[in-house]
Amino acid sequence: MRAGLPVWRVALVGLPAVGLAWLAFTAAAANVSRTSDPQRALKFRPGDPLALGMLAQSHMVGTAVPARRPDARMAETARRAIEGLAINTPAIQALAVHESLSGNEAKARRLFGLSDRLSRRDLATQLWLIEDAVRRNDVPGALRHYDSALRTKMESRQLLLPILASAAEDRELWPALAPFVNAHNPWLNAFIRQALSSTKRPDLLANMLMHAGGLPETDDLRPLTEELLRGLVEGRYFDVAQRYYLTLPGASARVLRDAQLAEATTVARFAPITWQPSALEDIRGSILGGGPGGSLVLSATFSSGAQGFVARKLLALAPGNYVLQARQAIREESQNAELRWSMRCVDTAGQVLWSTSAPLKTGPQLVRGSFNVPDGCAYQFMSIDGYAGTSPFGGDVNIDSIDVRRTD
């Protein structure tokens with residue numbers, strides 16, 4: 001990191017040793033050489049302003065490795081092109097680069113501003129303006145040019161989205177990012193996907209989204225919200241997970257204190273804050289109707305000999321004494337089939353508060369136990385694991401009437 005620069009400035013430019021804009025200039029010059037031959041065109045039409053503009057643009061890089069120094073020939077060629085055709089974006093851009101490399105930032109800024117007004121689709125212009133805005137500590141300005149580039153050039157996303165996703169973890173940028181997050185713009189989905197795939201701090205991503213007022217509630221963004229919620233729990237950011245969950249449409253403050261199989265506690269997109277049945281290949285769980293009095297049932301289908309995770313749910317029970325009870329049954333008798341129930345703290349020690357193994361029978365059986373939640377155990381996982389027994393046909397298991405109540 002360059003000494004004296006705020007973290008957000010380095011993060012938002014992303015490639016301080018190379019320069020964002022220079023990558024695009026190089027690509028643009030290469031594109032010119034592939035699609036046209038300005039030197040050849042000038043042989044047939046000397047002074048052609050568009051060919052002169054293309055020629056000036058090709059002189060920006062000169063070789064495969066940019067010289068990054070002023071080029072008087074380039075500047076003169078660009079001026080000739082502009083004299084012949086005032087609205088000549090390649091020539092204006094070439095002259096702007098010359099002024100920037102000559103240290104005339106004010107002139108370069110005016111020329112790139114003109115290039116921007118003529119064509120917001122020019123990636124090199126947008127990237128130079130991003131760097132310029134960052135140098136001037138103009139965060140909203142830099143993000144406006146990010147927005148222009150990301151909206152108009154798909155190829156910009158591979159370069160810009162990783163930089164923006166990393167920069168979004170800096171709290172100083174959150175106020176300026178908010179307008180782009182809580183309005184559904186065409187690059188928002190790709191940005192959140194990039195952030196989810198690259199971040200090691202999902203709590204910062206969640207806090208940024210909450211600061212912005214949350215993501216739009218749309219079908220394409222809803223799975224990303226669910227992925228972030230799971231990432232917060234898996235990353236053990238439980239306080240942030242709870243706060244983020246409570247900002248989502250359909251969330252209920254009671255869910256983290258309720259283990260029952262009810263409508264609010266079985267919303268699949270909020271798992272594992274709500275009940276999360278197994279999706280393993282040999283143990284398939286689901287939430288069904290048809291329980292006692294029309295209640296819900298947690299059903300699991302085991303392959304022959306299968307054993308492992310059946311379901312789990314995150315809880316935030318206050319310190320105190322509790323009793324747990326539930327009913328379980330297997331459709332067909334299977335020797336040694338059982339469910340293993342447990343309640344444990346999710347702090348670093350993972351203290352087991354209560355556990356039991358209950359054999360599975362064809363008739364409903366009551367599972368019951370008591371436990372104490374100590375101070376410092378702010379969150380708990382209630383887990384159900386199982387074994388289908390020796391039946392060659394596996395087994396279908398039903399669980400219902402789960403209830404956790406405080407007794408003191």
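Everything numeric here is computed off the predicted structure, so don't read it as measured data.
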Is Glu169 reaching over with its side chain to a backbone N or O of Thr199, donor-acceptor style, under 3.5 angstrom? no
So how far is it from Ser383 OG to Gln276 CD, rounded to the nearest 0.5 Å? 10.0 Å
Between CG on residue Leu164 and CZ on residue Phe191, distance to nearest 0.5 Å: 4.5 Å
Hey, are the side chains of Val367 and Leu339 touching, using non-hydrogen atoms and a 4.5 Å cut-off? no
Is there a side-chain contact between Val255 and Tyr245 in this structure, where contact means two heavy atoms from C-beta onward sitting under 4.5 Å apart? yes
Would you say that Thr152 contacts Gln126 through its side chain, given a criterion of any heavy-atom pair below 4.5 Å between the two side chains? no
Might you point out which heavy atoms bring Gly363 and Ala329 nearest each other, and give the distance in Å? O-CB, 3.9 Å
Counting heavy atoms not belonging to Glu263, are there more than 12 under 6.0 Å from its CD? no
Looking only at side chains, do Tyr379 and Asp239 share a donor and an acceptor under 3.5 Å apart? yes
Any donor-acceptor pair under 3.5 Å from Ser278 side chain to Ile283 backbone: yes
Does some side-chain heavy atom of Thr265 sit less than 4.5 Å from a side-chain heavy atom of Leu296? no
Which heavy-atom pair separates Ala142 from Val134 by the least distance, and what is that distance? CB-CG2, 3.9 Å
Between the OG atom in Ser295 and the CD atom in Gln260, the distance rounded to the nearest 0.5 Å is 9.5 Å
Quick one, Asp132 and Arg136 - any side-chain contact, counting heavy atoms below 4.5 Å? yes
Under a 4.0 Å N-O cut-off, is there an ion pair linking Arg144 with Asp147? no
May I ask you to test the Glu217-Leu221 pair for a side-chain heavy-atom distance under 4.5 Å? no
Closest non-hydrogen atom pair, Gly113 against Leu129: N-CD2, 4.5 Å
Quick check on Arg254: does its CZ atom have over 12 non-hydrogen neighbours (other residues, nucleotides or ligands) under 6.0 Å away? no
Parallel, tilted or perpendicular: which one describes the rings of Tyr322 and Phe371, with boundaries at 30° and 60°? parallel
Can you check side chain to side chain contact (heavy atoms under 4.5 Å, CB included) on Met343 and Leu315, steps first, answer last? CA-CA 10 Å; Met343 185 76 71; Leu315 293 166; 3.9 Å; yes
Which one of Arg171, Arg201, Arg243 satisfies the side-chain hydrogen bond (donor to acceptor under 3.5 Å, both in side chains) criterion with Asn207? Arg243
Run the side chain to side chain contact (heavy atoms under 4.5 Å, CB included) test on Leu204 and Met208 for me, step by step, so that the C-alpha distance in whole Å, both residues' side-chain angles and the decisive distance to 0.1 Å come before the verdict. CA-CA 6 Å; Leu204 293 176; Met208 184 273 287; over 6 Å; no
Quick check: does any side chain N or O of Lys313 sit under 3.5 Å from a backbone N or O of Ile273, one acting as donor and the other as acceptor? yes
Main-chain N/O of Val323 paired to Thr407 side chain as donor or acceptor, under 3.5 Å: no
Within the side chain of Thr247, is there an N or O that forms a donor-acceptor pair under 3.5 Å with the backbone of Tyr244? yes
Ion pair present between Arg340 and Asp385, side-chain N to carboxylate O less than 4.0 angstrom? no
To the nearest 0.5 Å, atom CZ of Arg312 lies from atom CE of Met382 at 14.0 Å
Do the side chains of Ser286 and Arg284 get nearer than 4.5 Å, heavy atoms only? no
Where is the tightest heavy-atom contact between Ala241 and Val233, given as atom of each residue plus distance? CB-CG2, 4.1 Å
When you compare the side chains of Asn398 and Arg327, does any donor N or O come within less than 3.5 Å of an acceptor on the partner? no
Are side-chain heavy atoms of Leu298 and Thr266 found at a separation under 4.5 Å? no
To the nearest 0.5 Å, how far apart are CD in Glu338 and CD in Gln328? 9.5 Å
Neighbour count >12 (heavy atoms, 6.0 Å) for atom CZ, Arg331: no
Here the gap from Arg193 atom CZ to Asp220 atom CG, rounded to the nearest 0.5 Å, amounts to 8.0 Å
Contact summary for Pro216 and Leu188, nearest pair of heavy atoms: CD-CD2, 3.8 Å
Stepwise side chain to side chain contact (heavy atoms under 4.5 Å, CB included) check, Trp128 with Arg109: CA-CA 9 Å; Trp128 190 93; Arg109 189 175 303 118; 4.2 Å; yes
Taking it one step at a time, do Leu150 and Arg157 satisfy side chain to side chain contact (heavy atoms under 4.5 Å, CB included)? CA-CA 6 Å; Leu150 291 167; Arg157 297 185 179 186; 3.7 Å; yes
Does a sphere of radius 6.0 Å around CD in Glu155 hold more than 12 heavy atoms from other residues, nucleotides or ligands, not counting ones at 6.0 Å or beyond? yes
Could you check whether any side-chain N or O of Asn372 sits under 3.5 Å from a backbone N or O of Gly320, counting only pairs where one atom can act as donor and the other as acceptor? yes
Closest non-hydrogen atom pair, Trp275 against Ala259: NE1-O, 3.0 Å
Using only atom types and a distance under 3.5 Å, with no angle test, would you say the side chain of Asp408 pairs donor to acceptor with the backbone of Asn321? yes
Donor-acceptor pair, side chain of Trp187 and main chain of Met154, under 3.5 angstrom: no
